[in-house]
Amino acid sequence: MITVACLIAAKDLRVERRSKIVTNQVLPFAGITMVSFAFALDKQNVLDTVAPGLVWLATMFSLLVIVQRTFAIETDDGALDAMRVAGVDPRAIFVGKAMALGFQLLVLEAMLFGAAVIFYGESIPSNNAFGSVVLLVTTMLSATCGLAAVGTLYGGLAAGFKGSETLLPLLTLPAVAPVLIGATKAVESAVGTSGAVVSEGWQWVGLLTLFAVAAVVGGALAFGPLIDD
Amino acid sequence: MNASLNPFSSASATANDDPFVGNTSNNTEPDLVIALKDVVAVLGNFPALAGVSITVQRGEIVLLKGPNGAGKTTLLRLCAGLLPVERGAATILGFDLVTQRQLVRPHVGLLGHQNGLYLDLSVRENVEFWGRTVGASAHEIAGAMSRMGVSGRLADVGVRKLSAGQKRRTSLACLVARRAQVWLLDEPHAGLDAAGRDELDATLGQAANSGATILVASHELERAGGLATRSVDVVAGQAITDSNESQGTE
Amino acid sequence: MEDAGFILGSYFLTFATVALYAWRAVRSGRKVSQQVPDDEKYWL
Amino acid sequence: MTTIEPAKAEHDTARQSALPSQRSTATRGTRIIGIVAVVALGWLVAFGLGFSPADRDQDESVRILYVHVPTIWLAYLAFVVTAVSSAMYLFSKKKSLGWDRAAGASAEIGVTFVAVTLAVGAMWGRLTWGVFWQWDARLTTTALLFVTYIGYLAVRRLGGSHEQRAKRSAVLGMIAVVEIPLVHFSVKMWRSLHQEATVANLDGDTKMDGLMLFSLFVGVIAFTLLYVWLMLHRTRSMAMEDLLEERGLDEALAVRRAEAAETATAATSAPPTATMKTGSDS
């Protein structure tokens with residue numbers, strides 16, 4: 001199962017390397033979202049305070065777009081059906097697609113943090129730089145796991161139905177609310193927004209990890225029944 | 001479940017040179033591969049299959065004829081385990097399609113209107129992906145590609161750039177690499193040039209000889225008719241004629 | 001006194017929604033009941 | 001095509017007997033429940049608006065709670081029933097569509113009542129807090145719950161066979177069971193760090209006098225009866241809708257079969273050139 005999952009993930013990433021849809025369209029979309037936030041929140045010091053939340057909000061929106069894309073690969077030429085006929089374990093499909101999705105999300109998040117540093121003047125506090133970076137990276141990893149699992153689950157459910165573009169956000173956004181909350185809080189601690197300190201951030205990483213575990217396990221169990229019948 | 005009908009039990013164990021099917025049990029008697037009885041299948045609220053009864057023996061090449069909308073495609077998708085059986089009884093390779101259609105899938109190969117290919121990957125990458133998901137060896141994958149004439153220069157071309165016929169051949173190569181027992185082909189000749197058609201026919205004949213069972217839905221009666229061991233008329237969601245023209249191999 | 005508006009409004013809203021939903025449930029039930037023979041109605 | 005005829009005839013007799021005397025989803029049981037529920041709701045209005053006293057802290061606005069608390073109770077009850085029915089459908093041996101319909105009907109009722117709860121809650125908040133909305137954990141979770149079950153109902157309408165609908169929505173119903181506590185937990189954690197948003201104590205029942213408690217009790221009873229009544233009606237009409245869809249399939253099947261028979265006779269009277277026919281030999 002792991003082998004097949006890796007094959008699927010490698011295939012997805014290779015498709016992305018060839019087509020560059022996410023690179024050429026989703027990353028710029030996320031970037032312009034960040035710029036748009038700046039237009040909308042044009043008040044003194046507001047951006048600096050809300051930057052961590054905006055980064056994750058932009059991630060959520062991009063998640064929806066990437067999920068659409070990752071299942072468009074499968075449904076464009078009936079590959080999802082072919083995979084079902086080939087008897088590929090649905091759990092392997094789930095894990096494989098979630099891995100590829102997670103990798104793309106990580107790249108996206110790194111870029112968005114770069115954008116936050118440039119546009120919103122965020123910076124890693126110098127007094128505890130190492131702790132901040134560790135917290136930041138852990139947060140990104142655990143949040144991404146949860147997001148990728150939920151996105152893959154609902155993306156697979158909606159794939160192939162008419163109205164999937166609208167069904168996907170309706171299902172996904174309420175489900176990933178804990179990630180938005182937890183990741184924002186953890187990043188606020190990491191970059192020291194309004195005097196938050198690094199030690200406060202770890203409880204949020206705990207929440208994110210709990211969510212990620214639940215989402216991955218639940219998703220792997222539910223994916224088969226959801227896409228296969 | 002009939003053990004002799006379970007092809008994967010011995011497929012991985014025996015070294016089999018035949019690229020088409022994993023296991024060819026030396027069947028002196030023809031096995032029943034497909035047995036449908038009064039099968040109804042729905043697409044939305046529409047009964048695409050309105051009571052199909054059909055039986056197919058191992059090694060047969062059955063031609064499904066009929067106008068568009070008669071239910072040929074639905075019949076093939078049902079046999080592939082993609083659609084639920086709404087009513088009736090159906091068995092494929094000893095698996096009950098009503099209760100365990102997921103188990104049927106690994107043993108059948110479906111070439112539908114869509115090819116099931118990744119357009120951004122090359123021919124080789126596609127065949128390798130589909131072969132490796134079911135554990136085919138590099139040798140088998142190479143064999144499948146050369147058999148379908150997509151090795152060599154074509155192998156590294158992106159599928160998006162291929163002609164319709166070349167895509168079809170790639171898709172067939174994926175089926176071969178997957179070692180399907182039952183081949184379900186929906187208009188396989190569509191878009192193929194003359195050479196491609198000959199190649200396809202030869203492949204189908206060879207596959208049937210080595211024990212694969214093939215259902216072909218086709219408009220091109222002369223083409224497919226010569227190849228088929230018998231033909232079935234599909235009309236308004238039912239298999240009307242079940243005419244035994246000849247039995248066995250050609 | 002503005003409190004009264006909200007209080008009565010909340011009662012009205014609750015009961016109006018309940019009534020509307022109940023009415024729709026009964027009406028749709030009536031509509032389909034007419035097309036289904038009695039022996040198919042398990043609750044009779 | 002002799003096999004066509006009996007099926008068609010049987011179908012026709014089914015049509016003839018389809019003249020129901022019972023033209024609604026009501027029975028004596030539901031009528032009794034309904035009447036009791038209406039009486040109890042009348043009591044609720046009388047007690048809530050009339051007999052019960054004004055609260056010491058909340059003044060007259062406490063009266064809203066007599067409808068607010070029962071509606072949210074009903075909504076939570078409905079979602080619990082959805083979850084339990086989903087589990088019953090998934091894990092029982094006999095996959096009875098009755099469980100699926102119960103889950104669907106319950107979710108529908110639940111969504112309706114959460115909507116009412118949120119609206120009425122906002123009115124209460126306006127009077128008590130001075131604002132319509134507070135980012136309090138309970139409120140936020142309830143709002144997300146509302147959206148989640150709207151999504152659930154949307155998935156139920158995706159189409160496919162009844163079994164497909166049942167399986168999909170049952171799985172989703174189970175996912176919601178994991179999702180909702182996680183959401184609630186995280187929102188609670190989120191709010192606990194914001195001390196400035198002190199929320200008025202919703203459950204001030206310690207200060208409630210007997211008559212207040214009794215009014216609330218009447219409300220809970222009334223709305224629970226209402227829920228039972230709605231469930232009975234909704235599951236019955238959903239069962240009939242499913243049945244009618246099946247029946248529609250029967251009719252469509254008969255049409256399709258007749259079409260096939262016609263084509264076959266036409267074909268035998270004017271034999272086509274393509275293939276020879278040997279009749280039905282199987």
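Worth saying up front: this structure is predicted, and the values here are computed from it rather than measured.
When the candidates L232(D), L44(D), L41(D), T71(D) are compared by the number of heavy-atom contacts under 4.5 Å with chain C, L41(D) comes out ahead. Note: T14(C) leads L8(C), T14(C), L13(C), V26(C) in heavy-atom pairs under 4.5 Å with chain D. Taking V67(D), V45(D), L226(D) one by one and counting their heavy-atom pairs under 4.5 Å with chain C, the maximum is reached by V67(D). Annotation: maximal heavy-atom pairing with chain C below 4.5 Å, among T117(D), I109(D), I64(D), V120(D), occurs at I64(D).
Listed by chain and residue number, Y227(D) satisfy the side chain to side chain donor-acceptor pair (under 3.5 Å) test with S106(D) (two or more places apart in sequence, or in another chain). For S237(D), the side chain to side chain donor-acceptor pair (under 3.5 Å) partners at least two apart in sequence or on another chain are R234(D).
Remark: R27(C) qualifies as a cation-pi partner of W23(C) under the 6.0 Å distance and 45° angle criteria applied to the six-membered ring.
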Verdict with supporting geometry, T30(D) and M231(D), side chain to side chain contact (heavy atoms under 4.5 Å, CB included): CA-CA 10 Å; T30(D) 61; M231(D) 271 298 273; over 6 Å; no

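In this structure, chain C has a heavy atom under 4.5 Å from the side chain of A239(D), while its backbone stays farther away.
One side chain, W73(D) or T224(D), offers a donor N or O that lies under 3.5 Å from an acceptor on the other.
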